[in-house]
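Here's the structure we're looking at; comments come further down.
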Protein chains: 2
Amino acid sequence: MNRKFFSLPQEKQQLILNAGFHVFSRNSYRKSPMSEIADAAGISKSLLFHYFNNKKELYLFLWNTCAKITIEEMERSGAYDETDLFGSMESGMDAKLRLMRKYPDIGTFAVRAFYEKDPEVSADVRESMGQYIAVHARRKLQKLDPDDFIPGIDLEMMYREMYWASEGCLWEYIQRGEMNVDAMEDDFGKLIDFWKSVYLRRPQEEVKNERKDI
Amino acid sequence: MNRKFFSLPQEKQQLILNAGFHVFSRNSYRKSPMSEIADAAGISKSLLFHYFNNKKELYLFLWNTCAKITIEEMERSGAYDETDLFGSMESGMDAKLRLMRKYPDIGTFAVRAFYEKDPEVSADVRESMGQYIAVHARRKLQKLDPDDFIPGIDLEMMYREMYWASEGCLWEYIQRGEMNVDAMEDDFGKLIDFWKSVYLRRPQEEVKNERKDI
DNA sequence: CCATCTATTAACCGCTTCGGTCAACACCAT
DNA sequence: ATGGTGTTGACCGAAGCGGTTAATAGATGG
């Protein structure tokens with residue numbers, strides 16, 4: 001298997017992981033050549049096959065590693081512990097950005113692997129996805145207190161809207177190719193501030209508008 | 001060149017265009033085989049080469065067609081003529097969705113072609129992009145009247161936020177693979193309604209909160 | 001200085017796939 | 001029959017694929 005891979009210095013491991021994430025995130029499984037991954041990692045194809053017996057093994061290893069470190073990072077950030085919506089959103093973003101700084105293509109890779117249809121790997125991906133989903137699902141829709149927000153707002157729609165906007169912002173960076181995490185962090189920060197300024201009930205309204213709109 | 005292609009019945013032309021958009025939107029130029037496109041169009045590879053002399057010619061033809069029909073549709077929808085923000089947004093969406101119903105993968109194709117790096121085509125893409133951009137740039141940031149919106153809102157941020165959210169919503173559909181335009185239309189409609197309900201100044205505030213927050 | 005071990009690679013293998021060609025077939029109107 | 005038109009399967013040389021292997025270079029240790 002890949003015992004030899006683990007005895008590599010951490011930095012070299014990360015280089016290979018990122019090369020894999022990069023290539024597999026831009027092409028389908030079948031159209032992601034091992035040679036291209038080796039090149040991206042700056043090693044020979046033979047050496048890559050020395051670490052991983054075959055393409056499938058590398059792919060599934062990347063998938064499991066992706067799940068593992070994402071979960072770790074998420075839990076470490078305490079994104080699930082926060083009680084306030086924007087607070088948990090901020091620490092969630094923080095975790096995602098920290099992850100992305102280390103593994104720039106991990107997000108795109110995860111999405112692509114999720115939807116991969118090639119029968120050589122899709123079954124295994126689907127199977128080992130169980131736990132990954134299980135943890136992510138803990139991002140339960142938070143119990144939101146309607147009184148915190150401007151009166152009459154559709155909270156579920158607000159939630160979807162915010163999700164889509166961050167996804168769209170991310171997507172823009174991905175398409176551009178250059179993964180400038182600092183600029184992303186700045187944009188996300190502005191987004192959250194904007195949401196706060198718009199969706200949160202403004203103080204002077206607290207008493208005035210009470211119940212008037214229901 | 002492709003004189004024979006144009007004498008095809010419209011419906012058959014569209015089938016081939018969509019096959020091209022589909023394959024080229026999911027793989028890079030080099031990794032999009034002509035055979036796959038022919039299969040997707042339900043014709044033989046030989047026939048595809050009968051219509052287009054080579055792969056590059058087909059690709060650039062798709063790119064130019066994509067630009068042409070997008071511009072046409074946008075102008076026909078009158079998205080640029082509207083004066084009201086949400087109105088122009090709605091008709092713009094309408095055009096986009098109408099286009100997407102006819103050519104489901106045209107949007108993804110356009111983005112991918114825009115960022116394509118293969119030297120065999122990138123130069124030509126970049127070159128013929130001039131006019132495409134020129135027209136799209138006419139989507140000038142509309143003169144918005146701050147009095148129409150809730151007081152104190154950051155209008156530019158609002159605009160970016162809305163753009164990202166629609167992009168993110170679209171992205172979700174794309175990733176899922178099935179391009180359900182009806183469901184998309186429904187989602188976009190809800191989004192716009194939500195924005196109206198949240199960003200537009202609410203009637204009872206018009207007098208009450210005047211200038212209090214600046 | 002030699003023997004041994006480990007990390008690393010170039011060269012190679014058999015097979016598939018690629019872009020593109022070509023000769024032939026089917027169909028239709030002369 | 002004749003000739004034009006639309007369409008295809010079979011084919012070509014070249015390139016790319018996943019994977020193997022034999023050999024190289026360098027560190028270690030006696």
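Note that the coordinates shown come from a computational prediction; the quantities given were computed from them, not determined experimentally. All chains are named by letter (A, B, ...) in the order of the sequence lines, taking the proteins before the strands, and each is independently numbered beginning at 1.
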Length of the line joining B/Ile43:CD1 and D/dT8:P, which is rounded to integer Å: 7 Å
Value in whole Å for how far the P atom of D/dC17 lies from CE of A/Met34: 12 Å
Donor/acceptor link under 3.5 angstrom from A/Lys55 side chain onto base of D/dG19: no
Protein-nucleotide distance (A/Leu47, atom CG; D/dG18, atom C1'), rounded to Å: 16 Å
Under-4.0 Å salt bridge between A/Arg101 and A/Glu185: yes
Ion pair A/Arg26/A/Glu36, N-O distance below 4.0 Å: no
Under 3.5 Å donor-acceptor pair, B/Ser46 side-chain atoms to D/dG9 base atoms: yes
Distance in angstrom units between B/His50 NE2 and D/dT5 P, rounded: 9 Å
5′-ward residue of the pair A/Ser44/A/Arg30 relative to DNA chain C: A/Ser44
Any B/Ser35 side-chain N or O less than 4.0 Å from OP1/OP2 of C/dC18: yes
Sugar-phosphate, base or nothing in reach of A/Ser32, heavy atoms under 4.0 Å: sugar-phosphate
Parallel, tilted or perpendicular: ring planes of A/Tyr59 versus A/Tyr29, cut at 30 and 60 degrees: perpendicular
Side chain B/Lys4 and base D/dG6 donor-acceptor under 3.5 Å: no
Any B/Tyr51 side-chain nitrogen or oxygen under 4.0 Å from OP1 or OP2 of D/dG6: no
Partners meeting ring pair (Phe, Tyr, Trp, His ring centres under 6.0 Å) with A/Phe61 (sequence neighbours left out): A/Phe5, A/Phe6, A/Phe52
